[in-house]
Number of protein chains: 2
Amino acid sequence: MPAVRPVADLTASRTDWCDTILKGDCVAALERLPEHSVDAIFADPPYNLQLGGDLHRPDQSKVDAVDDAWDQFDSFQAYDAFTRAWLLAARRVLKPNGTIWVIGSYHNIFRVGAKLQDLGYWILNDVVWRKTNPMPNFRGRRFQNAHETMIWASRDQKAKGYTFNYEALKASNDDVQMRTDWLFPICTGAERLKGADGAKAHPTQKPEALLARVLMASTRPGDVVLDPFFGSGTTGAVAKRLGRHFVGIEREQAYIDAATARIDAVEPLDNPELAILTGKRAEPRIAFVSLIEAGLVAPGLELSDAKRRWTARVRADGTVAVGNEAGSIHKMGARVQGLDACNGWTFWHFDRKGAPTPLDALRQDMRQRMAVAAA
Amino acid sequence: MPAVRPVADLTASRTDWCDTILKGDCVAALERLPEHSVDAIFADPPYNLQLGGDLHRPDQSKVDAVDDAWDQFDSFQAYDAFTRAWLLAARRVLKPNGTIWVIGSYHNIFRVGAKLQDLGYWILNDVVWRKTNPMPNFRGRRFQNAHETMIWASRDQKAKGYTFNYEALKASNDDVQMRTDWLFPICTGAERLKGADGAKAHPTQKPEALLARVLMASTRPGDVVLDPFFGSGTTGAVAKRLGRHFVGIEREQAYIDAATARIDAVEPLDNPELAILTGKRAEPRIAFVSLIEAGLVAPGLELSDAKRRWTARVRADGTVAVGNEAGSIHKMGARVQGLDACNGWTFWHFDRKGAPTPLDALRQDMRQRMAVAAA
DNA sequence: GTTAGTCCTGAATCTCTTA
DNA sequence: ATAAGAGATTCAGGACTAA
């Protein structure tokens, strides 16, 4: 399925880059992609910051073995410049309501996080991937490094319309909110891509389960997910399986070959399986007055709260009256309780066969009618 | 026990500052302390939360936010300058083989980590404090922020002689290495310091169990532990109990008073090296979605109750669909039976070799996979 | 005394649409 | 652009009260 394209051949046509792997430098490729063209980004950038032993700059050029403080600073600086460049280019490509995930370890994640903030990204959460089976610390001189950190950020502070499938996550998690600490095994066994020699095809292949949760949480079917450090193509494989589109950027042909074969073998899920649970937020809005117009509520109907402490009376204009005052069901619910906000749909009840029933039940009936009428 | 001293009166004599609280500005106080004089530092600096307006719980009660003046900074730049100044001053005071711990959240920890690296500190681990009882995300727009991050660093890369009580930690952890993810409740109940009015004495008091593990891991009895943001004095209280010395720096008299009384009441342990490191056991809670992520359950799988009266279909989002409706395994189990509640794990079955098998069997398999060496 | 129900609170960067 | 109105949203644990 995924074609491979040299970056130089890229045009603005979506068919030219969607569900493909762009071969070349990450920043150069990002700069050729159209502005505001992807819904989400998942990035697993290199963090070769190891300052002992062989030292490589992010561009893979070798650094003379020096271990003084100045060289450390120099190396961090190079890493920061690299990070800034790709995060900036990625931000241009991201849609205004898109979000970005970056995964890293303590070697690089602090620098990445600071740069994200510097460039105007707005951090939504940091998420910890707890490993069930991390590598032990062999020297016994530190804690067992048992997690990695992901940062989830929107394009900027004001972007409130980002995708977050809150209700689905909660329903899939024993009906409690999904937390920021996730537990997954590292990628081993059959899932781990091997080369012809049996050696692992990529040193840092991420588990598909991790990507699945990321994409199920923050994207919708049909969205485009960009991975600027495509590597073994986990992002592409999971995106395809879950009915999302992907774009990968990768420099090394060996990784491109492995990822291509891997993604080709993925069978996408059917549409019904991909539906995402949504909550009230996604329901069409109903004006209270429309219940009166539809005859579901008669003017003059008496309302009360669930414990019958306060009563109100429905007026023909869609407001309710409490004593001499009148206003929306929400306003008056707040007023009687002395609060500054109230959901009138769930606060006010009417009598149905002797049982206090919330107005929300009538709203459901109304939505049913509208759905039937539309069909 | 702890005397309080104005910074101006400080001399180089250790008796002049050990087991005392220095009242004044953090950097000024650090600059008056002797070079290379403390074995460890634990710092809980302001997080720079950048809160917007008020936040209310769904029941309309207002969240008591951390809106203190000491947490307000004009910009990331201002916060960086502040961070750099105190980390630099702290580094001078730290012994060559000393280590520093800094705790923070995603608001500030990335900036702190980057500055630590810039200044020559060498990160040994990042440690995640998982909270058993974090505050929920009330608006349902993000993941529940359920952890904070601590960075543990040596004074520089070449410092190999830092204290790490590997064997003691392992022995106290069911004979497996201590991991970087720690589980503790937040500080509440009797441990939480209250003012005369019953209000919390400090907005961000840390649990003693957290500090106990930090000090047991990285200090020895008789060591001096510095806390440049002393606050309610948790570091001092735990240090005293575990037979370590402390130095606190704090600006606000109210916090100094609370910490002084608190530390006075602490009784040191006879054998601090035998102190038990208490932590919560990791609870093996399994989310239904994790079965899907792990490939144990495929989207599209048909479920039914034991007597095959009702069927449901698994979706990729971790919910199950019955007809046009979808929800958690528990909600939909209750729905089809017309009940208020239902245990979806035991109610829903799938076909295994012709026999209806409850989802709970797969949960058992999952528990095996997710078993983590003791928390 | 026991148990069940209610209330309170914690480092929080917490909405969306229409006028 | 800003402002205002509609209306959607919570988990664990300790303290307290009522049965």
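Below, read A as the first sequence line, B as the second, and so on, with proteins coming before strands; counting in each chain starts at 1.
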Give one of base, sugar-phosphate or nothing for B:Gly198, where a contact means two heavy atoms less than 4.0 Å apart. nothing
Base, sugar-phosphate alone, or nothing: which one does A:Gln157 contact when heavy atoms must sit under 4.0 Å apart? nothing
Taking [atom1] from [X] and [atom2] from [N], how many angstroms apart are they, rounded to a whole number?
X        : N      : atom1 : atom2 : result
A:Asp175 : D:dT9  : CG    : P     : 13 Å
B:Arg111 : C:dT13 : CZ    : C1'   : 14 Å
B:Arg130 : D:dA12 : CZ    : C1'   : 14 Å
B:Asp54  : C:dA12 : CG    : C1'   : 12 Å
A:Asp174 : D:dA12 : CG    : P     : 10 Å
B:Asn145 : D:dT10 : CG    : P     : 17 Å
B:Phe143 : C:dT13 : CZ    : P     : 13 Å
A:Asp181 : D:dC11 : CG    : C1'   : 13 Å

Can you confirm if the NZ or CZ of [X] lies within 45° of the ring axis of [Y] and under 6.0 Å from the centre of its six-membered ring?
X        : Y        : result
B:Arg111 : B:Phe76  : yes
B:Arg141 : A:Tyr162 : yes
A:Arg213 : A:Trp182 : yes

Please give the distance between the [atom1] atoms of [N] and [M] as a whole number of Å.
N      : M      : atom1 : result
C:dC16 : D:dT9  : P     : 12 Å
C:dT13 : D:dG13 : C1'   : 26 Å
C:dA11 : D:dA8  : C1'   : 25 Å
D:dG7  : C:dA19 : P     : 13 Å

Treat primed atoms plus P, OP1 and OP2 as sugar-phosphate and everything else as base, then score nucleotides 4-11 of chain C 5' to 3': B for base contact with protein heavy atoms under 4.0 Å, S for sugar-phosphate contact only, - for none. -----BBB
Which nucleotides of nucleotides 1-8 of chain D have their base under 4.0 Å from a protein heavy atom (B), which only their sugar-phosphate (S), and which neither (-), written as one string 5' to 3'? ----SSBB
Is the distance between the ring centroids of A:Trp152 and A:Phe164 under 6.0 Å? yes
Between B:Phe229 and B:Trp70, ring centroids under 6.0 Å: no
Check against side-chain contact (heavy atoms from CB on, under 4.5 Å), B:Leu210 and B:Met150: CA-CA 11 Å; B:Leu210 184 73; B:Met150 293 185 292; 3.7 Å; yes
Ring centres within less than 5.5 Å and planes less than 30° apart: is that true of B:Tyr106 and C:dT13 in this structure? no
A:Tyr166 vs D:dT10: side-chain N/O to OP1/OP2 distance below 4.0 Å: yes
Within less than 4.0 Å of OP1 or OP2 of C:dT17, is there a side-chain N or O belonging to A:Lys160? no
For C:dT13, decide between syn and anti, treating a glycosidic angle within 90° of 0 as syn. syn
Please report the C-alpha distance between A:Asp39 and A:Arg220 in whole Å, then the side-chain angles of each, then the deciding distance to 0.1 Å, and finally whether the side-chain contact (heavy atoms from CB on, under 4.5 Å) criterion is met. CA-CA 9 Å; A:Asp39 298 281; A:Arg220 287 180 284 209; over 6 Å; no
Can you tell me how the ring of A:Trp345 sits relative to the ring of A:Phe288, calling it parallel under 30°, perpendicular over 60° and tilted otherwise? perpendicular
Salt bridge (Lys or Arg N to Asp or Glu O under 4.0 Å) pairs touching residues 191-205 of chain B, sequence neighbours excluded, are B:Asp64-B:Lys200
Of all pairs that satisfy salt bridge (Lys or Arg N to Asp or Glu O under 4.0 Å), the ones with a partner from residues 326-337 of chain A, not counting sequence neighbours: A:Glu325-A:Arg335
Restricting to non-hydrogen atoms, name the atom on B:Ala65 and the atom on B:Leu51 that form the minimum distance, rounded to 0.1 Å. CB-CD1, 3.7 Å
So what's the dot-bracket for DNA chain D: Watson-Crick or G-U pairs under 3.5 Å, [ ] if a pair crosses, | if it pairs off-strand? .|||||....|||||||||
Around B:Gln77, counting heavy atoms of other residues, nucleotides and ligands shown, do more than 12 lie under 6.0 Å from its CD? no
Taking only residues two or more places apart in sequence or in another chain, which ones pass ring pair (Phe, Tyr, Trp, His ring centres under 6.0 Å) with B:Phe73? B:Tyr79, B:Phe82
